[in-house]
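Below is one structure; the comments refer to it alone.
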Amino acid sequence: MAGSSYDALVIGAGHNGLACAAILAKAGQKTLILEANETAGGLAGTREFTAGFSAPMAHSAAALPKTMIDELKLSSYGLEVGPALETVGLSEDGQHVHVIGDTVTGATDADAAAYPEYRAKLQRYAKVLKPIWEATLPRIGASSLKEALIYAQGALKMRMLGKEDMSEFLRILTLPMRDLVDEVFEDPKLQAVLSWDGLIGSKMAPRSPNNAVLPMLLRLGGVHGGDHMVPKGGMGAITKALLAAAQKQGVEVRFGAPIKKVIVEGSEAGQKATGVELVNGEIISAPKVISSADPKTTFFDLVGAPAFDVQFASRIKRLRAQGYVARFNAALSGLPDVPGLDGLSGRYIIAPSFDAIEFAFDDAKYGDASQHPVMEVTFPSVHDASLAPEGKHVLSAHVMYAPHDERSDWSHDARIRFTKAIGDALERHMPGIGSLIIQAELLTPKDIAADYHVAGGHWHHGEMALDQMLMMRPTYHAAQYSTPLQGLYLCGAGTHPGGGITGLPGRNAARQILR
Amino acid sequence: MTTKPSMKAFTEQVTELPPGLSPVDNYAGERLMTSPFHERQAALNLRDSWEAWNGYKFANHYYDVEYEYICIRNLCGTYDITPMQKYLIEGPDAEAMLNRMVTRDVNKLKVGRVTYCCWCTDEGRMIDDGTIFKLDEGRYMLTSGSPSNAWLRMAAFGFENVTYVDKTDDIGALSFQGPMTCEVLKKMGFEGIDTLKPFGIMHFPFAGDTIMISRTGFTGDLGYELWITADKGLELWDALYEAGADYGIQPYGEAATSMARLEAGFILPYVEFAESLKTVHFKHDQTPFELGLGWLVDFKKPHFSGRAALLEEKKRGPGYVLTKIEIEGNKPAEESHLYRDKACRKEIGWVTSAMWSPVVKSNIALAMIQPKYLSGDIWAEISYKKEMKPRWKIAKCTVVDKPFYTPARAKATPPPKF
């Protein structure tokens with residue numbers, strides 16, 4: 001369109017928006033990123049929650065694939081992959097369970113002996129899925145031979161597992177986490193720890209049927225084969241490197257530029273997205289508008305349901321995208337001394353058993369916050385001293401389950417109750433931590449939705465469930481990054497391969513757009 | 001209002017009940033509702049020939065199908081369309097919402113006018129057809145053959161200022177069709193009704209209420225549809241039948257309607273088309289292009305639900321097209337297969353509706369035919385019975401472009417006097 005000075009507008013400077021913009025710009029597209037907040041990163045960014053103290057929203061990364069780091073040359077922009085973090089199942093009596101690499105300590109000998117084989121098996125399966133995870137999955141019924149080969153490649157890899165292993169792969173794909181884990185392991189804390197990564201971020205507990213294993217296998221595709229890591233200099237280094245990579249390619253980034261709506265122009269030739277109108281009234285035109293926002297926000301808030309066909313809008317409306325993870329950030333006057341732990345650079349799970357998670361979920365299933373929440377705790381300031389004033393520290397916890405639902409109105413009282421429950425659990429497992437807390441912040445999914453412009457406050461922009469995954473993410477006719485609205489594209493976690501810090505949705509979107 | 005079936009007869013029979021039990025109609029929810037005109041219609045239904053439509057009891061025929069048909073074509077008759085679904089759609093976004101839902105451009109519809117329309121799935125398959133009445137700015141009535149609540153709810157999502165209310169049970173509606181209808185309405189005192197143009201709407205005071213009269217119908221002839229508050233139904237009936245007594249007024253049912261509509265070239269659900277949302281098999285439903293309703297699809301609108309799919313369909317061309325044909329002889333080609341050759345080797349389509357038309361004096365039918373064979377020979381394989389003995393014949397068919405029956409009075413304003 002006349003007067004358009006950009007080839008592409010990317011909505012949101014989250015890690016997927018940055019990855020998408022960087023690749024577009026590299027291909028010569030004049031690209032502008034519009035970010036509502038004042039900093040980049042989105043849910044992968046860093047948040048100053050009280051004066052002098054900041055916490056990364058995602059406090060560790062499991063799924064960041066080496067292919068992304070290499071493709072965007074993130075190493076040359078300062079990203080240095082950190083060592084694998086140990087995951088620790090905390091025990092009130094100091095008898096913790098430690099998991100790192102192939103090693104399990106603190107559980108039974110049988111558990112420790114079984115773990116390497118279990119891990120190797122899952123990694124084999126993750127490799128089978130890798131071509132499918134990383135590629136753009138062709139639209140059903142409309143794929144070329146070349147595109148269909150992506151499925152064939154996956155099928156071939158699966159066949160190459162051998163008959164028995166392939167059958168086993170198919171058997172476990174849709175198991176509940178509990179069934180996957182308790183078949184092999186007996187220690188309750190270890191069981192809880194090993195089920196954790198299949199559940200967190202989703203509306204799921206160990207007994208929830210299907211869907212848990214498949215998304216977990218995605219995370220196994222990361223640099224440490226499933227173990228989490230924090231890059232050198234902290235999680236902020238990922239966003240910094242992506243932003244630098246994008247800017248180096250010529251991407252322009254505007255912060256504090258919230259969008260009022262995507263402009264849709266209609267004529268006898270149909271309708272198409274032709275740009276955006278900012279909240280301040282400014283209009284920016286471009287033939288391609290690429291949203292890293294979640295599908296509901298994109299289709300309903302930024303464009304409006306009436307621009308889409310009735311059944312398509314209805315499918316988007318029906319997407320399950322209610323967040324169940326709250327965020328608890330605390331400014332600490334110092335690090336706690338946790339009995340049985342040597343240093344606090346790991347990832348600490350407070351969930352003593354499957355049932356502890358399941359019971360916490362039961363409350364949330366009916367719309368209430370868990371009375372006895374379970375959580376994953378890290379101390380980001382251990383990895384990145386700049387997050388807190390000298391000598392002081394930051395605690396970051398992902399807490400389950402905190403429903404976004406209408407029933408949980410998150411009144412002042414409800415917030416106090418939930419905060420107290422978190423404090424109690426922390427104090428029991430890290431005695432004395434209460435007295436170290438200077439200031440704390442609770443972000444319910446509702447707060448996350450408001451602060452990060454994510455409908456439902458869902459980590460992954462939508463449940464990672466079979467009906468919302470792969471060539472169906474977020475739903476058919478929008479699952480290949482293009483949408484039914486000409487000129488409008490998706491590049492966020494609401495598209496394949498989905499949530500987690502991978503950058504793959506952003507990269508795949510850019511590739512589709514450039515095709 | 002609808003009257004619930006009487007419990008009296010049942011309770012009188014049950015003299016001794018187990019203690020603690022009261023007489024209960026186990027089928028209460030299954031019984032058919034009756035329309036505001038039922039009392040009079042039941043008295044005239046000499047054959048007790050009832051069917052069900054959207055949960056209402058309505059007549060297949062009253063006395064004799066052919067007699068009712070002759071009344072439609074030569075005198076006047078009433079057909080109870082109360083069971084047709086009626087929705088009041090209101091609000092500043094009503095027009096935009098309807099425009100997104102239906103394939104036609106609702107912007108072009110003026111206040112006091114009615115338009116025929118259809119709506120489709122995202123895949124461009126037809127869900128239903130109906131009419132939109134523009135009652136006022138931001139105020140519409142939508143009618144449809146089958147309940148559309150669920151679709152309306154989905155179609156209204158995203159529009160903040162629109163409401164839709166199902167008025168089916170609140171409005172009694174009579175289709176009043178035939179050459180004498182205007183005379184009868186004039187006699188009832190609806191002054192100026194003869195100035196009402198086809199697809200126009202007028203309102204008149206009636207029985208302390210307001211009656212809405214639209215010049216619409218399903219017979220292809222002169223006719224009107226009368227819309228009244230349900231509890232004024234009997235008053236309307238009595239006034240109409242009093243005024244119509246000298247004009248041969250007669251109630252007619254579904255069977256006579258089906259004859260008249262075929263002559264007019266109108267389609268029926270589950271005869272010509274399968275409602276897409278209720279169709280199980282892939283593509284056993286139809287697109288508007290297949291049904292010859294391409295003229296309802298307005299691609300000048302930048303968007304409506306199903307637009308992209310219909311544009312594809314238009315480019316590709318439909319696989320079958322609903323076609324009007326005349327068939328030699330006088331044996332109705334009901335359920336006939338159609339062939340390119342007299343030897344019946346190459347099948348090219350099938351008949352959806354067929355009849356001997358008394359008014360056209362021709363053997364007519366609607367048929368789905370592959371468009372590429374429309375220009376060549378078309379043969380129908382007709383099965384029929386003679387004195388119960390099954391027979392068959394091969395008859396030549398001719399494609400007809402215009403509706404079979406189009407009397408000038410259907411479009412004349414004012415209509416001719418009698």
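In what follows, every heavy atom counts, from backbone to side chain, and hydrogens, waters and symmetry copies are set aside. Throughout, protein chains are lettered first and strands after them, A, B, ... in sequence-line order, and every chain is numbered starting at 1. Since the model is a prediction, treat every value here as computed from it, not as a measurement.
Under a cut-off of 6.0 angstrom, the local environment of NZ in B:Lys372 is sparse, with at most 12 non-hydrogen atoms contributed by other residues, nucleotides or ligands. Atom OH of B:Tyr270 sits in a crowded spot, with more than 12 heavy atoms from other residues, nucleotides or ligands closer than 6.0 Å.
In this structure, B:Cys120 SG and A:Gln311 CD are separated by 10.0 Å, a value rounded to the nearest 0.5 Å. To the nearest 0.5 Å, atom CG of residue A:Asp309 and atom CE of residue B:Met154 are 10.5 Å apart. We find the NE2-OG distance between B:His303 and A:Ser267 to be 13.5 Å, quoted to the nearest 0.5 Å.
The two residues A:Ala305 and B:Gly158 come nearest to each other via the heavy atoms CB-CA, 3.9 Å. Taking each heavy atom of B:Arg100 and A:Ala313 in turn, the nearest pair found is NH2-CB, 3.6 Å.
Only the backbone of B:Phe299 has a heavy atom closer than 4.5 Å to any heavy atom of chain A. Only the side chain of B:Leu277 comes within contact range of chain A, judged by heavy atoms closer than 4.5 Å. Using a 4.5 Å cut-off between heavy atoms, B:Ala308 does not touch chain A at all.
There is no side-chain donor-acceptor pair under 3.5 Å between B:Asp122 and A:His477.
The greatest number of non-hydrogen atom pairs below 4.5 Å with chain B, out of A:Gly304, A:Gly266, A:Ala307, is found for A:Ala307. In terms of heavy-atom pairs under 4.5 Å with chain A, the best-connected choice from B:Trp119, B:Trp151, B:Phe304 is B:Trp151.
The shortest side-chain heavy-atom distance between B:Asp298 and A:Glu268 does not fall under the 4.5 Å cut-off. In this structure, the side chains of A:Pro306 and B:Phe159 come closer than 4.5 Å at one or more pairs of heavy atoms.
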